[in-house]
Every structure is written in structure tokens, then in C-alpha cells.
Amino acid sequence: MRKTYVYSKARRKRKKRRFMLCVFLVVLASVIFLKIFELKKFTVTGGSRYSEQEIKEILVTKPTDRISLFFWLRMYLFGAGEIPFVEKVEIDLCGRDEVEVTVHDKLVTGCVEQMGSYLYFDREGMVVESSRVRLRDVPVVTGLKFQKIVLREKMVTAKEGIFDVILSLARLIQKQELAVEEIAFSQDNSVTLYIDGSVVLLGKREYYDEVLSVVKSLMDASGERKLKIDLTAYENGNNHITAKPLGEEDDDSSDYGAAGFGDNGNVTGSGEGPPAEGEGDGTNPDDTPQ
């Protein structure tokens, strides 16, 4: 009986030592694992609405996200959730301590304001985002009534066909890279653009392609000056444009052939863009802003 007792006690000690050794090895392996897969490099590509730091703050929210493998698994299984103005994010595990996040922005071409919020629509007229944030690089549409504005559905205007005009204008504005802040419609659906402090009257047209290319030339030539430019009478071939500095009386304005500007804000040139040095209608080339 005595020998059996001694044998059992020695065996329990060996089991205890093995258990402590296993615990030690597990802890050591965990420390090594956490050290190896500690997230040290977080790279963001694509996207224009958020900075890299903002994306990191949005995505890395849990203690386990500090481990690159755990972070990648969570994003893979559950996704990043809803992020305003972001269509989706893709997460790549580039190494033991590095992840690369690719951000795909929602494509928005314009917005309308409703009850303090801005409803953003894409190239197809689909409402893709609702936010109280006003994006300065997206024009707001004013002066129209809408029958239906529902998130993730197409917008419907009170007047049939007018939304096609909005979409056409938005596409052309993006194509010409114009900094349009507002697209305003009057009661007769004439269009006025507000561009970086200047006012451009386009009138009512079937197509806006040509007149917006002229607007691009005029805005490039105007420099820092804030002007009121009337293109309502402009048609292919006549180059009829009225321009004057903002703040002047309407009867002080004059008619010119487009598209360069002298120091007094008057329009000069041929209508195809700013005149080349030494060419044009006889004005001094030095009057054209550089």
C-alpha cells in the first residue's frame, strides 16, 4: 500500500509538470503568434472621400483587429459594413504584418437637398446615398420638384423627361472637369450654372455638349475673376456671348464673340477657346491672363 501511494503521488507531480509545461508552451506560442501577425502596415488604395487614417479608424475597431490575420478573417467573413459614399472595400493580406485595403467609391454625379439632407444620385439616376454632408465636388440640383426620391431607387421628377437633362448635364460637367457647385433650373427649365463664384446662363437647349465645351474655355480664360456669362443666345456658328464682372448693372454688359478675357472682364476671341498669343481680334496678347 505504501509503494502504491508513493507511485500515485509521483505520477500526479509528473502530470502537473506536463500541464504547466503545456500552458507555458501555449502562452509562448500565442505571444510568438501575436508578435508575428501584429498589424504594422495598413495601406489604403483607391477612394477619394476618405483619408488613409479615416479608413483605418472606420475599419480597425476591435482589439483583435490589431492582428493582421484576425482582421483579414473578420473582413472576409462579415465585411466592412456600411460606409457613406463607399461602394465596397477589398482587404488583401499582403504579409504576416501587412494588409492592403482597396476602396471603391460610390459613383455620384449630383445631389438634391431634402429636409436638411442631401440625396446623391449616380449616372443612372439611382439614389445611392443620403447624408447631411455636402460634398463640394458634387453639384446640387435646385429649382425642380420631384415626385419620388427613395434611397436605392431611381428619382422621378414632376415633369417627364427633365431628369434626362439633369443626367446629361452631370455627365458633361464631369467630362469637362468643371467645378460646378449648383445646377439651377428656372420655371421654364432654363439652366444656370454656378461655377467657383461665377454665374453661367445656359438657357434651355436640347443638347448641352457644345455650349459646355465653350464654358470650359471661358472658365479657363477667366482666371480668378468672378463673372456673369450669358450663353443663352449662343448657337453653333454665331459665337454670341455676353459677359460682365459680377456686381455690375445689367445695362453695363456688352456683347462679344467668345472666349478670351481682357483685364476688364470683357470677352474676346473666336469661341473655340482662348486666342493664341499674337492672334485674335486685335487685342493686346498681354491682356489675356496667363
Side-chain angles (χ1 to χ4, degrees), residues 48 108-111 123 134-143 165-186 189-290:
S48 59
V108 293
T109 57
C111 67
R123 288 172 174 262
R134 169 77 169 90
L135 298 180
R136 295 302 171 188
D137 60 338
V138 178
V140 60
V141 179
T142 61
V165 177
I166 298 174
L167 294 179
S168 176
L169 282 167
R171 294 189 194 103
L172 291 168
I173 286 169
Q174 286 189 335
K175 179 181 178 181
Q176 296 293 341
E177 298 181 346
L178 291 167
V180 176
E181 300 156 0
E182 181 181 345
I183 305 172
F185 286 82
S186 62
N189 294 329
S190 294
V191 177
T192 299
L193 302 181
Y194 293 84
I195 307 175
D196 195 24
S198 292
V199 179
V200 183
L201 309 176
L202 301 183
K204 183 178 179 181
R205 302 168 181 272
E206 184 176 2
Y207 302 106
Y208 290 85
D209 308 57
E210 183 182 7
V211 71
L212 278 176
S213 66
V214 173
V215 171
K216 174 64 174 176
S217 297
L218 293 172
M219 298 311 300
D220 288 345
S222 66
E224 298 293 326
R225 285 164 290 190
K226 310 305 179 185
L227 304 170
K228 181 175 182 180
I229 304 172
D230 190 345
L231 290 161
T232 55
Y234 177 86
E235 295 293 344
N236 186 27
N238 69 14
N239 297 331
H240 186 77
I241 297 173
T242 302
K244 64 184 181 66
L246 279 177
E248 289 188 2
E249 297 297 328
D250 289 341
D251 56 6
D252 289 338
S253 62
S254 302
D255 295 340
Y256 302 89
F261 290 91
D263 288 337
N264 59 0
N266 294 341
V267 183
T268 61
S270 65
E272 300 300 326
E277 184 173 345
E279 298 178 356
D281 59 353
T283 57
N284 189 336
D286 294 335
D287 290 341
T288 302
Q290 301 299 314

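In this chain, numbering begins with 1 at the start of the sequence shown.
- By the 4.5 Å heavy-atom criterion applied to side chains, L218 and I241 are counted as neighbours.
- Two residues are said to be in side-chain contact when any heavy atoms from C-beta on lie closer than 4.5 Å; N189 and V165 fail this criterion.
- Put simply, the residue from D230, T232, T192, V215 that forms a side-chain contact (heavy atoms from CB on, under 4.5 Å) with L202 is V215.
- Separation of atoms CD1 (I229) and CD1 (I195) is listed at 7.5 Å; rounding is to 0.5 Å.
- When all heavy atoms of E235 and R205 are compared, the closest pair comes out as OE2-NH1, 3.5 Å.
- For K226 (side chain) and V199 (main-chain N/O), no donor-acceptor pair under 3.5 Å exists by modelled atom type.
- In terms of heavy atoms, L212 sits closest to Q176 at O-CG, 4.1 Å.
- Taking OG1 from T242 and CG from L201, the interatomic distance works out to 9.5 Å, rounded to the nearest 0.5 Å.
- A distance of 7.5 Å separates CD1 in I166 from CD1 in I183, rounded to the nearest 0.5 Å.
- Without hydrogens or angle criteria, R123 side chain to R171 main chain gives no donor-acceptor distance under 3.5 Å.
- Put simply, CG on D196 and CD on E224 are 7.5 Å apart, with the number rounded to the nearest 0.5 Å.
- Here the straight-line distance linking atom CG of D209 with atom CG of L172 works out to 5.0 Å at 0.5 Å rounding.
- Judged by distance alone, with hydrogens and angles left aside, the side-chain atoms of S222 form a donor-acceptor pair with the main-chain N or O of M219 at under 3.5 Å.
- The two atoms that bring L178 and K216 nearest to each other are CD2-CA, 3.8 Å, heavy atoms only.
- At least one donor-acceptor pair closer than 3.5 Å links the side chain of S198 to the backbone N or O of L227.
- The OH atom of Y194 sits 7.0 Å away from atom OG1 of T142, with the distance rounded to the nearest 0.5 Å.
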